[in-house]
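Report on one structure; see the data block that follows.
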Protein chains: 2
Amino acid sequence: MTDKQERILSCGLQLFAKNGYNATSTSQIAKAAEVSEGLIFRHFKSKEGLLHAILKEGQQKIDQLYANVINETEPKSVIKNFLQIPFLVPQTEYNFWKLLFALKWELDIDNSVNQKPINIVLTKAFEQLSYKEPDLEAAFLVNYLEGFTSAIVKGDGVPDSNLNAFLQRKYML
Amino acid sequence: MTDKQERILSCGLQLFAKNGYNATSTSQIAKAAEVSEGLIFRHFKSKEGLLHAILKEGQQKIDQLYANVINETEPKSVIKNFLQIPFLVPQTEYNFWKLLFALKWELDIDNSVNQKPINIVLTKAFEQLSYKEPDLEAAFLVNYLEGFTSAIVKGDGVPDSNLNAFLQRKYML
DNA sequence: GTCTATACCTCGATAGAC
DNA sequence: GTCTATCGAGGTATAGAC
């Protein structure tokens, strides 16, 4: 991976996240990365190829984030770590998350692949804690976190830790 | 409002919702609405003008939906009606909601104008029900509903009423 | 139907590493 | 001399606009 390739990936992410995929032209990216436009196509085949390269690079970070939940065995910690996810994302990566949210609607790129195992683990945790309807408890929290992270990433603000502390009390974690 | 104007609005909504704002060309809309492309610009000034006309038309329906919550006085009914919102949206209007979600990211059109009064009313309801931290309870539910409606509109499926019934039990509504 | 701009993309030429 | 990274001048289509 050469320096210019990395600059294309980085600037592509910035611009896609800031202005949207369709609204960003390859010439803009080239200008920002200070490379010739042709180079983008040499390396990434097409504009969409560039997008997928960007997504692939970011996917690792997502996996790491979810690993904290999946690999946890103690049920209370599973829930606690799940709720903590938004706080583990460094601000430098907000752009990537913003892009993910936008792509869900702009193209039909949905990485709900990660959602399923999370849902299973969460359900199991509630079950072990003797909640009456563990699957619905899990679904409830999953929807909450979707809304919460959406609000954070959208507002480019820091997540409100009060809400998190509140939930830890509510669920006795 | 002529027949052709309405067809432009309707087809514009369909296509914007389905393929995104930037990815939809005015010529596509003209073809779908069976009008000349020039007519779009005569009536709506620009592509963005058309978008705003579409949004303005839909705003009324949003207001109606939220009115059920805002105008309610009995605290339990406030919360109940709030949670019911997604179930009151007819499938024929899913396209409009989908467009709203997409625009939040694609352009920076955010109609969180409605969010504030809802938050206040919800907080008050929890307060009257003697919840310890009514503001956080409200914020929690608001985030949940954002995630829930997002999932519904995205999945073009019917909302899961089990989850709603579960929450009515949980909050003793 | 026509205009202008710009979108995505191609490709031959170049330059340096080995 | 081959190979890989790069440049930048086009090409073709289509966008929004009127």
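Residue numbers begin at 1 in each chain, while the letters A, B, ... track the order of the sequences.
- Contact annotation for B:Thr24: backbone-only contact, meaning every heavy-atom pair under 4.0 Å involves sugar-phosphate atoms and none involves a base.
- Protein atom OH of B:Tyr21 is 13 Å distant from nucleotide atom P of D:dA15, rounded to whole Å.
- Closest approach of A:Lys104 and B:Lys154 over heavy atoms only: O-CE, 2.9 Å.
- D:dC7 atom C1' lies 14 Å from atom CD of A:Glu34, rounded to whole Å.
- Each of B:Glu37 and A:Glu37 lies near DNA chain C, and the nucleotide nearest B:Glu37 is the one positioned closer to the 5' end.
- A salt bridge is defined here as a Lys NZ or Arg NE, NH1 or NH2 lying under 4.0 Å from an Asp or Glu carboxylate O, and B:Glu37 with B:Arg42 fails to meet this definition.
- A:His43 has no side-chain polar atom (N or O) that falls below the 4.0 Å cut-off from OP1 or OP2 of D:dT4.
- Residues B:Phe140 and B:Phe126 place their aromatic rings such that the two centres sit no closer than 6.0 Å.
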message = If you apply the rule salt bridge (Lys or Arg N to Asp or Glu O under 4.0 Å), what do you find for A:Arg169 with B:Glu133, and how did you get there?
response = CA-CA 11 Å; A:Arg169 264 173 267 136; B:Glu133 298 163 288; 2.4 Å; yes
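- Side-chain nitrogen and oxygen atoms of A:Ser36 include none within less than 4.0 Å of the OP1 or OP2 phosphate oxygen of D:dG8.
- Between A:Thr2 and the phosphate of D:dT4, there is no side-chain N or O to OP1/OP2 separation shorter than 4.0 Å.
- A:Arg42 comes within 4.0 angstrom of a nucleotide base, judged by non-hydrogen atoms across all strands.
- Interface limits on DNA chain C: the 5'-most and 3'-most nucleotides within less than 4.0 Å of chain A heavy atoms are C:dA7 to C:dG12.
- One atom, NZ of B:Lys47, and another, P of D:dT14, lie 15 Å apart when rounded to the nearest Å.
- With a 4.5 Å cut-off on side-chain heavy atoms, A:Gln84 and A:Val69 do not count as touching.
- Between B:Lys31 atom NZ and D:dA15 atom P there is a gap of 10 Å when expressed in whole angstrom units.
- Not counting sequence neighbours, B:Glu106 has no partner by the salt bridge (Lys or Arg N to Asp or Glu O under 4.0 Å) test.
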